[in-house]
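Reckoned from all heavy atoms, side chains included, excluding hydrogens, waters and symmetry mates. Convention: sequence-line order gives letters A, B, ...; per-chain numbering from 1. This structure is a prediction, so every number in the text was calculated from the model and none was measured.
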Amino acid sequence: MKIEFPAQLFFAMQFQIESTDSLSSARCGTLITDHGTIETPIFMPVGTVGTVKGVHFRELREDVKAQIILGNTYHLYLRPGLNTLEAAGGLHRFNGWDRPILTDSGGYQVYSLTDRRKMKEEGVLFHSHIDGSKHQFTPENVMDIQRIIGADIMMAFDECTPFPCDYDYAKKSMHLTHRWLERCLARFHATEPKYGYRQALFPIVQGSVYRDLRMQSAEFIAKQEAEGNAIGGLSVGEPTETMYEMTELVCGILPKDKPRYLMGVGTPVNILENIALGIDMFDCVMPTRNGRNGMLFTAGGIINIRNEKWKNDFSPLDASGLSFVDNQYTRAYVRHLFIAGEMLGPMIASIHNLAFYLWLVGEARKQIQEGTFSSWKAQMIPKLGNRL
RNA sequence: GGGGGGAUACCAGAGCGGUCAAAUGGGGCAGACUGUAAAUCUGUUGGCUAAGCCUUCGGAGGUUCGAAUCCUCCUCCCCCCA
């Protein structure tokens with residue numbers, strides 16, 4: 001039964017599932033925010049410090065067709081800082097991106113900057129990677145910071161556990177993330193958006209690679225009845241099959257009528273497999289970071305554009321032509337740009353990869369609508385690259 | 001014409017009797033990258049029948065148990081003075 005909300009007073013967004021796949025748990029839908037509608041499943045380009053590295057917003061809108069991008073609480077807090085963000089009127093006004101923004105809470109930095117932070121019950125003390133200055137992040141001020149940034153979707157402050165991670169630590173960490181979530185929710189409900197549009201808060205399931213912990217965490221998260229739910233702590237080095245196992249387990253417990261966001265994933269194959277398991281939202285640095293390093297994702301597999309074999313290949317960058325760069329530039333030319341250390345090379349690769357990722361999820365959506373997702377996925381996966 | 005310096009692997013450039021198939025940088029080739037401390041990082045870069053062997057430090061000879069390193073001659077390059 002679908003609940004109609006008479007007014008969107010109590011919710012920041014509206015999620016509607018449009019169709020589901022009969023042979024898998026894949027579904028497609030729309031997520032309506034005050035900055036526009038997101039068609040799911042969706043891939044969200046990562047724009048850590050308020051920019052998707054190397055890509056103009058015009059290209060991101062018109063060529064990549066990004067519907068929502070990420071920002072990062074920790075990084076934006078350090079630079080440009082809260083005074084500037086607030087004076088600008090929030091991140092949308094500051095950087096000019098007028099579509100939805102989701103901010104990660106800094107929970108990933110608890111993992112990636114592990115040697116620069118100290119964890120306590122109260123929160124995390126970071127030594128800035130920029131100037132070494134000390135900054136305390138708590139569930140409360142992470143909410144406040146995300147209010148100031150003005151993200152349409154705010155993320156709860158969590159600890160992304162590493163892999164491998166022993167059971168006792170994973171359990172302890174999961175409970176800490178849960179306690180932090182309660183504090184996040186309390187602060188979230190005690191505060192209001194600053195810029196006249198609404199904000200949602202997504203909690204995050206943890207539990208490392210342990211089935212019982214993941215189940216316990218998913219149940220805890222589910223009962224918060226948030227507007228969307230995230231799965232974190234995956235794609236940190238565990239076997240791919242383990243990631244799928246955890247996703248499947250958790251998706252079976254999280255509410256079906258709310259969007260599910262699998263954080264930090266992944267490769268094109270990862271994305272298709274996880275869509276099949278019921279994930280609606282993805283983000284990953286791969287298309288941009290790997291793109292800057294010369295890796296191109298295409299429907300025919302992965303290519304390293306720096307390889308000598310492209311030296312005299314004057315065919316289009318990608319014959320499928322998903323964005324203007326694919327026809328505008330040849331493989332030989334883009335290789336030349338990379339070899340010569342020209343910044344245009346990484347920029348072209350980033351646009352191409354993001355356009356491909358957005359095409360991939362858009363096509364998945366179409367296939368779900370047409371009821372052909374599972375067979376389409378089965379024939380896509382072998383082509384996308386066996387290693388990934 | 002006189003005086004001085006130098007030629008080292010794809011390039012630049014250390015090494016100045018054995019631990020040298022030869023530092024380091026660049027270039028080349030390949031790899032890694034999953035809620036971005038990343039336009040970053042790693043490996044490799046004479047040949048082979050590869051835990052070993054063979055051929056290399058401008059060329060030809062020589063000294064020595066042993067030479068990229070010392071000596072002689074040759075070739076070429078650079079600088080200074082006329």
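Here Ile339(A) lies in heavy-atom contact (under 4.0 Å) with sugar-phosphate atoms only. Asp283(A) comes within 4.0 angstrom of the backbone, heavy atoms only, and of no base. Gly233(A) comes within 4.0 angstrom of a nucleotide base, judged by non-hydrogen atoms across all strands. If you check every strand for non-hydrogen atoms under 4.0 Å, Glu342(A) touches nothing. Gln206(A) comes within contact range of at least one nucleobase, with a heavy-atom separation under 4.0 Å. Residue-level contact check: Ser128(A) touches neither bases nor backbone, having no heavy atom under 4.0 Å from any strand. Backbone-only contact: Leu70(A) has heavy atoms under 4.0 Å from sugar-phosphate atoms and none from a base.
Sorted by residue number, the members of residues 306-316 of chain A with any non-hydrogen atom under 4.0 Å from RNA chain B read Arg306(A), Asn307(A), Glu308(A). The stretch residues 151-172 of chain A touches RNA chain B through Asp158(A), Cys160(A), each having a heavy atom within less than 4.0 Å of the strand. Residues from residues 352-364 of chain A that place a heavy atom under 4.0 Å from any atom of RNA chain B: there are none.
Remark: Gln328(A) pairs with Phe324(A) by the side-chain contact (heavy atoms from CB on, under 4.5 Å) rule, at least two apart or across chains. Under the side-chain contact (heavy atoms from CB on, under 4.5 Å) criterion, Met119(A) pairs with Val110(A), Arg117(A), Val124(A), Glu159(A), Tyr169(A), Leu176(A), Trp180(A), sequence neighbours left out. In this structure Arg211(A) satisfies the side chain to side chain donor-acceptor pair (under 3.5 Å) test together with Glu245(A), sequence neighbours excluded. With sequence neighbours left out, Glu370(A) forms a salt bridge (Lys or Arg N to Asp or Glu O under 4.0 Å) with no residue at all. Asp283(A) is linked by a salt bridge (Lys or Arg N to Asp or Glu O under 4.0 Å) to nothing, counting only residues two or more places apart in sequence or in another chain. With sequence neighbours excluded, no residue forms a side chain to side chain donor-acceptor pair (under 3.5 Å) with Tyr357(A). Take Ser217(A) and apply the side chain to side chain donor-acceptor pair (under 3.5 Å) test, not counting sequence neighbours, and it matches His178(A). Not counting sequence neighbours, Thr37(A) has no partner by the side chain to side chain donor-acceptor pair (under 3.5 Å) test. With sequence neighbours excluded, the residues that form a side-chain contact (heavy atoms from CB on, under 4.5 Å) with Ser320(A) are Asp318(A), Leu322(A).
Look at the P atom in both rG6(B) and rA50(B): the space between them is 43 Å, to the nearest Å. Using P as the reference atom, rA37(B) and rG28(B) are 29 Å apart when rounded to the nearest Å. When the P atom is compared between rG17(B) and rA7(B), the two are found 16 Å apart, to the nearest whole Å. rU8(B) and rG25(B) have their C1' atoms separated by 15 Å, with the value rounded to a whole Å.
Checking Arg292(A) against Ala340(A), the closest nucleotide of RNA chain B that is more toward the 5' end is the one next to Ala340(A). Nearer to the 5' terminus of RNA chain B, by closest-nucleotide assignment, is the contact made by Gly294(A) (compared with the other of Gly294(A) and Val52(A)).
Between Phe356(A) and Phe297(A), the gap from one ring centroid to the other reaches at least 6.0 Å.
The partner of rG61(B) is rC71(B), by the rule that a Watson-Crick or G-U pair needs both atom distances under 3.5 Å.
Between rA37(B) and Gln109(A), a contact under 4.0 Å exists linking OP1 or OP2 to a side-chain N or O. The phosphate of rU36(B) has OP1 or OP2 within less than 4.0 Å of a side-chain N or O from Thr48(A). For the pair Asn72(A) and rU36(B), the criterion of a side-chain N or O lying under 4.0 Å from OP1 or OP2 is met.
Cation-pi geometry between Arg331(A) and Trp310(A) is satisfied (NZ or CZ under 6.0 Å from the ring centre, within 45° of the ring normal).
The base of rU36(B) sits with one of its N or O atoms less than 3.5 Å from a complementary donor or acceptor on the side chain of Thr288(A).
Side-chain proximity of Asn304(A) to rU36(B), rC29(B), rG31(B): nearest is rG31(B).
Asp131(A) CG: more than 12 foreign heavy atoms inside a 6.0 Å radius.
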